Structure formats: structure tokens, C-alpha cells
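What follows is a single structure, written as C-alpha cells, with notes after it.
As the structure is a computational prediction, the values presented were derived from the model and not from experiment. To find a chain, count down the sequence lines: A is the first, B the second, and so on, and within it residues start at 1.
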Amino acid sequence: MPSGFSVFSIGVSCVVMCILCTSAEDPVPELSPQKYFSALQPGKASLAYFCPTDSPSTSIVLEQLNEAVRPLQDYGISVAKVNCAKEETSRYCGKEKDLMKAYLFRGSILLREFPADTLFDVNAIVAHVLFALLFNEVKYITTLEDLQNIENTVKGKANMIFSYVRAIGTPEHRAVMEAAFVYGTTYQFVLTTEIGLLESVGSEDIEHAHLYFFHCQLVSDLTQQCRRTLMGQPLTTLNIHVFVKTMKAPLLTEVAEDPQQVSTVHLQLGLPLVFIVSQKATYEADRRTAEWAAWHLLGKAGVLLLLRDSLEVNIPQHTNVVFRRAEKEVPVEFLVLPDVDSIISHVENNTHMEEIPENEDNDIEDPDMDIQDDEVAETVFRDRKRQLPLELTVELTEETFSRTVMASDSIVLFYAGWQAVSMAFLQSYIDVAVKLKGTSAMLLARINCADWSDVCTKQNVTAFPAVKLYKKGENPVSYAGVLGTEELLKFIQLNRISCPVNITSIQEAEEYLNGELYEDLITYSSLSVLGLFSPTMTTTKEDFTEAGNYLKGCVLTGMYSGEDVWILANKYAATLPALLLARPRDGKRASIPLAGTRAQDIVQIITDALQETFPEITVENLPAYFRLQKPLLILFSDGSMDPQYRKAILTLVEQKHLDSFTPCWLNLKNTPVGRGILQAYFGLLPPLPLLVLVNVHSSGRVFAFPSDQSITEENFALWLKKLEAGLENPIILSAQEWKPPLPAYDFLSMMDAATTPHPPGKAPGCVRETDVQGNDKEQHEDKLAVRKEPVETLRIKHWNRNNWLKETEKSLRPHKEL
Amino acid sequence: MSLCAALWGPLGLLLSLALRPALGTHTKRDYCVLGAGPAGLQMAAFLHRAGRDYEVFERAPAPGSFFTRYPRHRKLISINKRYTGKDNAEFNLRHDWNSLLSHDPRLLFRHYSQAYFPDAGDMVRYLRDFADRLGLRVQYNTNIVHVTLEKDRRAWNGHYFILTNQKGQVYQCSVLLVATGLSVPNQVDFPGSEHAEGYESVSVDPEDFVGQNVLILGRGNSAFETAENILGVTNFIHMLSRSRVRLSWATHYVGDLRAINNGLLDTYQLKSLDGLLESDLRDLAIVKDAKGKFHITLKFFLEEANASQSADAIPLPQDDNDNFAMRVAYDRVIRCLGWNFDFSIFNQSLRLSSGSEFSRKYPLIRASYESKGSRGLFILGTASHSVDYRKSAGGFIHGFRYTVRAVHRLLERRHHGIAWPRTEHPITQLTDSIVRRVNEASGLYQMFGVLADVILLKENATSFEYLQEFPMQMLAQLETLTGRTARHGLFVINMEYGKNFSGPDKDVFFHDRSVGHTEDAWQSNFLHPVIYYYRHLPTEQEVRFRPAHWPLPRPTAIHHIVEDFLTDWTAPVGHILPLRRFLENCLDTDLRSFYAESCFLFALTRQKLPPFCQQGYLRMQGLMSTKSLRDHGVESGLLRDYAAMGQVPEDSSRQPGDHEPVGRPLAAGHLIQSLDSNKEEL
């Protein structure tokens, strides 16, 4: 329906334009000369552009003027177009057509006239108008002499801001004028366009505009020169604002609180903090160092003197500098720096001054919210076209479900076709099917809960993926282990036998213990547990059976309660009832008396027994050791471990030096992600093997055992002592919270923007996007009062409006092509 | 036998009246349901399953008596879609407008009719089976002729409902559930209205209309259904109604004129003789002339005229205005003006009043379907449509089967201490829970804007409770009504059409009517899920004085899932990703899923873990990747190939950037330095 389409699109564009013009661009009002002059208010500045009623050539100027309405309004300056009718006699109406001019009035007094060609763009208009209004506040100079004269007059009284711009009317000029509008009464502003003048001040790179802060207020002696600080950032209004704020901040602050808690204006402005750690004994020297550093870091970082003696929190010994970034979540760094220069260089190397883009035309897109950042979802999506050998598993439906799980022992995967995690696991599940193909009596089945949600609900499955084992005559067992091929395989294999299995003779018990009875299962369970009971110990037997049931699929359990059980008890020196723990691989046996132990505790004993003294840590088993809440002592090894190290560590274990740690080792060949960990700790891969103490639980600190030392009891003990004494510098792990990786679409604001030109104050939103705050009430108040407003409010208003405008435009981009 | 009954009837009445106060012989029930239509049976099914003491009273000898006569032309306009290409039973209910809810899969309407628009007789058969199969306790042939209130402090609601049937038998009920539908034909009073035949009695045999001029009053489905039936045999049909015709495909309201009935619109616009006219009936008058033909005139002409004047002398509009549209004489006038609720049996003490201007035909009720006049009196089914009149489907089987369930849940909570059913999940399943429901839930889909799912967050937002199909206008009273607590913020999941998309005069087929971009989702026009986030439960005042055209008070944040042509909101990037970002930003956390390897890395290099690793990996339930997935991960840059990582140049130490929420966790330079200083010391 082509006609319908065109009509509609016109409708939409019309709406867009209307909303834009009502909300954003108040067009320049057109007045007759009489009207204009009668409307002038005393003391109020206004810019009027006089042009003939029918003149088309003025449109470019008018366009620019249109754009300047808003920014000028912020400074209380109104803009008008005055129509000169042919018979008009006002002297402002040019006689010739091409000599139209704009005039700046304060009240009815003419301040300045501007030929049309000086008002070539918004920047020029704003710059020129403010320049004219701030004639007294901003001194324009051309020679070094002028500069020195002004400098001398302000010495001891005020500070001075000197700037060089390439030309009047440039964006830099406008930025300086906007700053002067706000700070003009506080600082003496000096402006030049002479390169020579700048050269004599000492700048070399004259390509760009420059701005210096002259610290003249401190100067008491006229012969003394004012200290100067050059602003490093490009001249934009915001940058100047930030710069001036840092100049205003105290040069050096003394603090005696946790560096993490200290807050200064620098942090708010996105600048880092440098704490010079000071002690009573060296206070004077430290203060001098700090002052020196402060002068050098002026405008780049805040410098504070941290009084260690009155500090409550502990900072590592030997630390002399603490560095804190402006980003909130990044932890503070404790540094030992050799000299003051390295403080400066450390700051300079670690500061990425955030370029806060000027608002108008920043096209830097927000990070694209439509890009998938969920690794599971993305990998599953990318893999969607690969054919899996799904036929190895039986797909169940509502009709076949009950029949199937009743008919044979089966394991069922509950998944949802649209859910990434369960689709990722489906791949492992199919791998299990491949491995078991033709060998297992267990039926591998799956059911898509996106189709058969009723079945899944009936089976009590509320989250995907879920795996359940159905055996004849038994309650279904939910699999609660790692969602991976190996672990699931182990679960399935160990479930082939009952748990605990009933051992019928002493002979069989021995076979069970040395691994002959279930030879094929030994690979899945490193531990064989045998409960020994005399036939009368029914309660303990029940408890043990319950524990065995609970541990179904993760460990082999057996039970013997023959009359001749005492033979075994004697042989393994066990008091009945007892647990025999056997590790068929190394032939080790241990016995634990069980009298009075309840099922829950039996489970605990067995799970504890499953843990090794010096395990190889892997992705799968880390959580089991992590639970102990002890610091991990990890030996990183590239490939299998040097037996020497093993011996050394085991000796330490035996000597009880490591009781408060979990000693383990990590084989980079088996667990390549270990490289990522080392890199996170050290930046580079350090020489291996390397012993690292990782204390995630209590302090988030990591220490590396000096790689040039051998791991001996002596060295190790010494190292531990040093750690306790705080003599070692830790690597501090990030304590950052897991925040939303990206913002969400702020539909609420978009809806607001579409319904009202000035949205009502936003409810405290959780969606972090440009805050919309059209505070129109304030804007309609007397514009000249704006001058008294602190710069922050003024600027923020300005920015927000612009951002909001942008948002409106974006949200109103109506119907895009599909 | 009948004589016997006739004799005993009045006598029984007298007896019971006399004995009631003294002996209290009347039957007591916790729940009394009036009417064994779809809504009454639906409620009975829930009460039955919950093992409650209830009874249904039906004046006819079988369930669904309305459908034995109506619709007159026997074709139901509720769709019986038997194939959707999906197996999901809940989803399929979205397109099954006739079935009631039960646990018996045999009780699905598709087993009763093959027709897309089934015959009303099939509905009667279905309802009978429904009552029989489920063994519902229904007293047939029991006409409740009077309902009154008896104050009693011990009663659940401070009073009992006293029901009297046609034989004078009396029932005492703690809760009264009225599901009597709309049973009284709507009559508009104007001079000559007695000449009009009613829809309820007019002939359905087209032969009776051959060569006649017919005027139909009304423009609803019954009017058009009647017209459709005789369109081919009449000279012409004129349809007269107060306001313009509302087409359901333009208003997306099933109660408006359905396309299946609108054949007359077609012939009207194609310049046949049929036509539609708009005028207020109350201004008109029908005059019967000597030949028995009907003329339309204006009421005030009649008033001016002398009462004694003969019919032929009454002034007609065409006397002055010779091109008056209805100047022809009609052979028949048929009234098809809809139905009203039967208020007559309810004693004043129940304070059951009719609704406002637009819903005068319905009794006045709250959004919880409880009468505003008396506690414990609920209106179910078609008669409860005032809650969502002209908005949603609450007046029709496919809608009220869900509102009845909501009422039942409210009652279970109120009288039996059984809190609103819910499932509890860890926060990592938040996105999934919502995706699952918006894709399959039928109650949300049918009763959009009325019933909404509610997610109640637990402390610290580590887990949540999911409540289904709560009457959203009662949100402020959620805690009392459900027995659940909402202290830590909540999400409300609703389905909505675009705000300005539809209406009787809108072009709903305009170009570019659908939105495809996720960032424009809020401009979606077709039914799509909308999620509201509140930090605190809104107050009653906030709900009542919410912004115009908003179904709920202004939320802290809102999310629209972009409309989808297939109503399949499972696209990973188009639907799920923006939803996750919204939820993440509301909860201020990271809801991504991670493979075990990533969790392992985080566990050893960071002090905090994302929820997915905390609730999965650390509990020994990490998700292992496979080779193929890992390769894709490396290719996409979201995973790293650690095995291939050798001595890595320093500048790549910022990797894996994607794993950090913001910035990077460790400053490599500093760490090396600290290690160097170690060496110096030792």
C-alpha cells in the first residue's frame, strides 16, 4: 500500500519536527524594530539581528543564530531578529542589503555591533557576545609587557588565567569566554592571539591553544614571578572547569584515615590520589617531598600526606606511597618507590585522563548493548548449525515419558531449546552418549521442556538443565554434580551398582578393598568405602545405608555385616562398627570407628576422606577445596611436578607447617587456565614452578614465594614469618563487585520524551543512562541571576539539556528499515 | 407426580419459612456457586480439586443452558485452533478459546469439535462432560430466586448468604460465587419499541424474511450474526446503532464485531442496498401503519402530535426532509442490543449495584472480582467483565477461566491460609523464568493488562519468588491477598499492545507498523511483554492515581521486549540479551552465565564472584565447555585459548577484558614491581 506508506511517513516526520522545535529550538523571535526596542529590559543583554523583511541572503546567519539561542539563553542573553520593513527608518536597519548587522545591547544601550561575517557559527556568536559583555573581566593583550603589568597588579591579590587562542571566534575562544563568564570575578582572565607572546611565556608546541594558571595570590614579593601551571588537556569548557577546580583545591592535605575511604574533589573530577606515607620521625622531610610532588602533579592528581602513626587501618610495611585511582572499584595500590620522580612517572603512566567528550557532536557510540557478552549464550549461538549426534539419546514426549522411565533404568536430561546453558550442557550429554554407546544398560534420554513443560513441572524440574536418574523401584535421583562429560559419566557408572553394595563374604570384602571386585569402576572412584558391622548393629547400618545412598554416584560404598566380620576388624585394627577406607591405587587402608555416628556425619567423614593432602587442583575439584576457607598454597607447574617439590611439600605437611593452608598444585598442561591466573597475578608468565599463596577468603591477597629460593622447610618458615609481619608486598586481588556489564535501554525516559517535551523529574531510576532532568523552572527564572549560580549547576544544566536533546532525537528516529 | 410437586411446593416454602429460625434446617455450604455455565463449572473444578465444601446451583437440567439457545444461529465465534505446530500444552491454550482448565487432557475442546468456529451444541456437550468427568457437585433444576444476607459474627465474612430456591429450600453459604452470566436481554425504551422483535425470539429461518425490508437495531455480534443469516433473501437490511461499528480486528477486543460476522459491511461498502446508520435509539420512535409496515420517526414529533392521532397521521422526518435516510417502510424491526446482568434475585442488603455509564450492564466489583457491596460475594465469568470491558478477554471463556483461577487462589489464601502458589529460584534463573513465561503462559496472553506475573525479590536479591497471574490492579494489596512478602523490590510482567495502536477508527495495517529494533521496543504495537520494576510495592493510592493509559503506576524502570511476529521471544540477542541487561541494571549485578573455566579463573584472581559462578560453580555444579564451544568462544573473543598462551607480550595483559565488568582488576606493572622488591629484600 504505497499511498498509505507515504502519508504515514510524512505524518511521522512532521511529528518529529514539531517535537524538536517545540522542545529544543525556540526559533529566533521575529520582531519589528518598535516592538524590539520597547521590549528591552534594563540591564538585560540582547542580541538583535537586523535584516530586511524579504531578504533571503541572511538565512545562513539566521541558521547559526537559531542554534545560538539556547547557549546564549544560558547566559541570560536573548536573541531576536528584527525585521526592517522598506519604509523603516531605524538607524540599525542597514541601507544596503549586504550590510546587515547584528547589535548587542545591554538594556537599551548599544554595546557592540557585529558585521554578519563575524558571526559565522555558534561558537563565534557565543564567543563574540561573551567577549563583548566581559570586556572588563577579560583583558586582551598583545605584548609581553602587558602580561607582566597585569601579573604585577594581581600579585598577592588574586590568581590569573592566561590563555592563548589562535583566533577570536574559535571554539577554544568560546570555551575560555564561557569559563570567564563563571570565574571572571574570581580570577583575572588574560587572553592573547599572539604566538610570540606565548613563546616568550615558554611554550614550545604552539599548534594548539594554551591555558596557564598563574599562581599569583601566594606571591608577596613583586620581584618574584608567579608560579605557572599549564593545562594539559585541550581547551574545552569542561576541561577548563575541571582544571580550575583542581587549582582551587588545597595543594596538600593531611589525612589519617583509610586511603580507600578518603574523598576529595580530585576523585570527583576523575583524578587519582597519591598518598605519601609519613611517619612522625620523618614528617618534615615527607611534607617537603609531598609538596614538591603536589606542585608537579597539580592538575593531574591529588596529593595527600598520610600520617601512618595515627592510622587505624593496616598498610603494608615499607610502603611509602599509596596510589588510588579515581575509578571506584579499583583497589588501592601500595607501592615502594625509590624517589619522587618515580611518583610522578607512576601517576603519569597510570592515569588515563578520561577525555570527557564535549557534548554537541560526539559520535562516539555507547558500547553496543546489542553485542552478546555472555560467553555461554554466544558460543551456543555460534555453534547452532553444527549437527549433534542427537540420535544417540532418546527424545521423550509427554506420551512416552512415563512409559520409558518405567520400562528401563534411564537417565533423563531436562533442557529448554532456547536456554543457552542447557544447550551447552546438551553437548556434554551427547558426548556421554557417545562414550557409552553400546556398553551401558542405562538408557540416555532427553526432554525439551520448552515443548513439554507440563512433564518437567510434574517431575519437579523448575530450572534447566537438570538430570535425573530413574531406576526401577527407586525414587528418581537428581544429579547435582558438575555439568560436564566426565563427571556425569562417573555418576552413571557408579550408579550401576547399588549404593552401598552388600558384600557377602570375607573373600569378597578383600576383593572389594583391593579393587578387584569392581575393577572397571575403580577409575571413577579413587576411594572404596567399606562399612563393617556386626549383624546386630541395625541402627548404624541404617545410618550407613542412608549415607551411602546420599553419596550415590560419587564414591563406591560397600557394607559387610557377616558373623565373621571380626576377622576383618582384627586384620585392619578396627573397632566395630567401623569404616574402612581403601585407596586401591596405592593400597592404603584406614579405619574409622563409627559408633554413634549419624548418617550426616558419615557423609562428612567420607567426603573429607575423598580429599587428598596434596591434590592436583583442577577446574572440577577447586570448589571442594575452596570450601575449606583456607588460603590455598598452589604450586604452579608446567607439566607434571618435579618429585622433589612433592617431597618438600609433603614434608612440610607432615611437620604440620601447612595446617592452616590447603596445599595443592596446578598442572598447566591439564589446566591451561592456570596461565591466565599467573598472568593476572604477574602480568607476565613467571618462571615455573612457582609457589603462590592465594588468600581469597580473608584478605584477597596473593604472595609469591621467591623463585630464587628452594622450597625447604627453613626458607618456607621464614617466608611465612615475613608474610605475617607484613614484610612482603602482596598482590591485592580486585574486590570489585560484579556490576551490570552494560547499561540497559532506558525506555522510561524514551517514553517520557515522546509524551512531554519536558519530562517530569525522573524517578530514582536504576537504569543508568543519561539522566534526564529538564528543570525548566529554573531556566525560566531571571536569566541575569544565572551569573550568580555556581558554575556546576550552570554547566550541568547545559549538558543535560543537550544530552536530552540527543536522546529525544534518537528515540524519535521513528520507523527504521527492517 | 407433578401434582404432588405442585402441592408440596408452596407448602414446603411455608414450612421452611416457618422452621428456619427455629430449627435451622437449611443446608450449609462454605462455597455456593450460582450457575453451571463455563465460569461456574470452572470455579467448581478448582474448589473440587482443593477439596472444599461447595455446591453449584443450576436452574436448567444440564450445564451450559445458555448455549442450548444462544447464539441463535449456533456458530460460536471463539476459535478452536487445533494445530499450532507446538507441543507445549500451555502455549496451545493461547489459541484454544473454548476449553476450561483442568488436569484432564481429554477435557480439551479440540476433542469435541473439528470446526474452527464450533457449533454451540458442542459446547453444551463439552460442559456436560466437564461436569461429569470431574464429578462436580451441581444441583440441577434448582433456580435460586432470592439471595439475602444474614449477619453472623462467626461467619467468615461476618455474614452468611442465604439462598432460596424455587421450592423454598434455603441454603446458607459462607462465600457466594455468582456466575450467572448476562441473561436479561437489553431493552431500550422508546415509543414503538414494542414493535421490535428480540434477538432471543426472532426466527432464524431465512425463509421468513424473503423479500422483506429489515431494520436491525444494534451493531454487535448478535446483530451482524442475525443480518448475516438473512442477507441473501431480504430486499435490504439497515442497521441502526448509537455509535459507529467497532471492528475487533481494529480494536483487538474480541467482544467487538468479529470479521466472521461482518458480511454486511462488505456489501454496504460495495454499494448493495444494505446499510449502516448511526443514531441514538432513544431519540427515535417506530410507528406502525395500517398495512403493518414500520416507519421511523423522531420521538419529539410523536410528543408534539396529538395522542389521538392515528398512526398514519404522525409526522415523519421525510415530510420536511425528503431525503431522510430511513424514509422507507420496514417489514420487520429486530432488536439485537445485548444483555444485562440479572440483578433481580439479589436482596438490597447485598448492596449489589450496577456499574457506571459504560458498564451499566455489569454488577460493580473490585479488581479482585469481589463485590464492592458485600464481602465474600464474588462475580465470575461474563458478568465480571466490568473489570476489563472493551480491553481484555475477561468476559469470555478464554479469559475468565484464568480470572476464576485467580479468585480461587485469593479464596484459598483468605479462608484456608494457603498462600498464593509460587516457585522459588536463585537469582541466576531470573531471566530464564521470565523468558519461559512470556513464551508459553496463556493466562498472561489472554488476560493482558488484567493478570500479571509478579516476581518478588528476596533480601539482597540473591533469590526470588515467582507468582503467576495475579490481578494486577490489586498490586498494592499483594501481601495480604497472597500471603507473600514483597519487601525487597518486585517485577511485574504484563503483556501489552502499543498505546496508540488500536481503536475503532485506527488503521491497524499501516505501513511500518511493526518494530524490529530492540531499542525501539517501547514503540511496539502488537501484544508484547512489558516488565515493570518497583523498588517498593506501590501503594493503593499510587495504583489508583496512576498516569493515564498506564496499567500500573510509574515504575522505577520499565522494559519492553520487542514485539515478535511469531510471538516467540527467545532470540538470544533480540529478546533475551536486552531483558538481561534490564534485569542486571535493576538489581545492579551481573547475570551472565560463565563456563566453569572462567569461574575457576575468577575464583583465584578476584575476591568476588558473579552470581552464576557462586550459585553453580562453587556448589560443584559448574558448566564445562566442550571443544567446539571453546573454539567458538575463542573466535568470538569472549574466551581465551590459554593452552596457546606462551610468553605473552605485556600489552596483551589487559585480556581478558570481557571478563571484567569495568576496567581491569590488577595492574600488571605494579605487581611485577612488588615482586621485584621482594627479591631485593631477600
Side-chain angles (χ1 to χ4, degrees), chain A residues 4-5 8 327 330 333 336 370 372 374-379 381-383 418-419 421 424 427-428 451 453-454 462-463 482-484 619 622-623 672-673 675-677 680 682-683 685 694 700 704 706 729 731 733-735 737-741 744-745 747-748 750-751 763 765-767 815 818, chain B residues 87-90 423 429 432 510-512 516 519 522 556-558 560 570 572-573 581-582 584-586 589-590 592-593 596-597 600-601 604-608 610 618 620 622-624 626 628-629 632-633 636 638-639 642-643 645 647 653 661 663 665-666 668 670-672 674-675 677-678 682:
Chain A
F5 164 59
F8 178 72
E327 297 88 14
V330 183
E333 294 169 38
V336 186
D370 288 340
Q372 182 64 268
D374 183 309
E375 59 192 42
V376 180
E378 180 66 10
T379 50
F381 182 72
R382 283 178 183 241
D383 205 35
W418 49 265
Q419 202 245 6
V421 174
Q427 299 206 354
S428 302
D451 290 335
S453 61
D454 286 354
T462 52
V482 174
L483 301 174
V619 171
L622 175 73
V673 62
R675 286 178 222 275
I677 293 168
F682 307 111
L685 282 186
V694 183
N729 276 335
I731 298 158
L733 299 182
S734 162
E737 298 285 348
W738 286 81
K739 297 286 178 190
Y745 293 118
F747 289 134
L748 204 54
M750 296 186 198
M751 291 159 82
C766 63
V767 180
H815 291 268
L818 285 169
Chain B
D87 296 317
N88 190 315
E90 175 73 14
T423 49
Q429 287 167 25
D432 286 350
F510 64 82
H511 189 83
D512 265 357
E519 61 173 301
W522 63 279
T556 310
I558 198 167
H560 290 254
T570 58
V573 172
R581 296 212 191 288
F582 166 74
E584 281 173 336
N585 280 280
C586 290
T589 187
D590 185 328
R592 286 180 293 178
S593 44
E597 198 177 58
F600 180 79
L601 177 83
L604 291 175
T605 55
R606 300 170 139 266
Q607 297 190 40
K608 307 256 164 67
L618 279 194
M620 307 285 283
L623 174 68
M624 304 302 287
T626 63
S628 158
L629 292 171
H632 282 299
S636 70
L638 286 169
L639 294 178
Y642 294 106
M645 203 171 112
Q647 292 292 327
S653 66
L666 296 160
H670 159 223
L671 296 167
I672 289 163
S674 58
L675 290 176
S677 59
N678 280 352
L682 290 164

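In this structure, chain B has a heavy atom under 4.5 Å from the side chain of Gln419(A), while its backbone stays farther away. At a 4.5 Å heavy-atom cutoff, the contact between Glu597(B) and chain A is made by backbone and side-chain atoms alike. Contacts between Val694(A) and chain B at a heavy-atom distance below 4.5 Å involve the side chain alone, from C-beta outward. Using a 4.5 Å cut-off between heavy atoms, Asp383(A) contacts chain B through both its backbone and its side chain.
Without hydrogens or angle criteria, Trp738(A) side chain to Lys608(B) main chain gives a donor-acceptor distance under 3.5 Å. Formation of a donor-acceptor pair under 3.5 Å by the Asp590(B) side chain with backbone atoms of Pro610(B) is not found in this model.
Of the residues considered (Pro623(A), Gly676(A), Ala463(A)), Pro623(A) shows the highest number of contacts with chain B, using heavy-atom pairs under 4.5 Å. Per-residue heavy-atom pair counts under 4.5 Å with chain B were compared for Val421(A), Val619(A), Asp454(A), Thr462(A), and the maximum is reached by Val619(A). Note on Ala89(B), Pro572(B), Ala596(B), Ser628(B): by heavy-atom pairs under 4.5 Å with chain A, the leading option is Ser628(B).
Under the rule for a side chain to side chain donor-acceptor pair (under 3.5 Å), Ser428(A) has no partner lying at least two apart in sequence or in another chain. Remark: Asp451(A) engages no residue in a side chain to side chain donor-acceptor pair (under 3.5 Å) (not counting sequence neighbours).
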Open item on the list: Asp370(A) vs Tyr745(A), test: side-chain hydrogen bond (donor to acceptor under 3.5 Å, both in side chains). Steps then yes/no.
Closed with: CA-CA 10 Å; Asp370(A) 288 340; Tyr745(A) 293 118; 2.9 Å; yes
Open item on the list: Using the rule given for side-chain hydrogen bond (donor to acceptor under 3.5 Å, both in side chains), can you reason through Thr626(B) versus Gln427(A), listing the C-alpha separation, both sets of side-chain angles and the distance that settles it, and then say yes or no?
Closed with: CA-CA 7 Å; Thr626(B) 63; Gln427(A) 299 206 354; 2.7 Å; yes
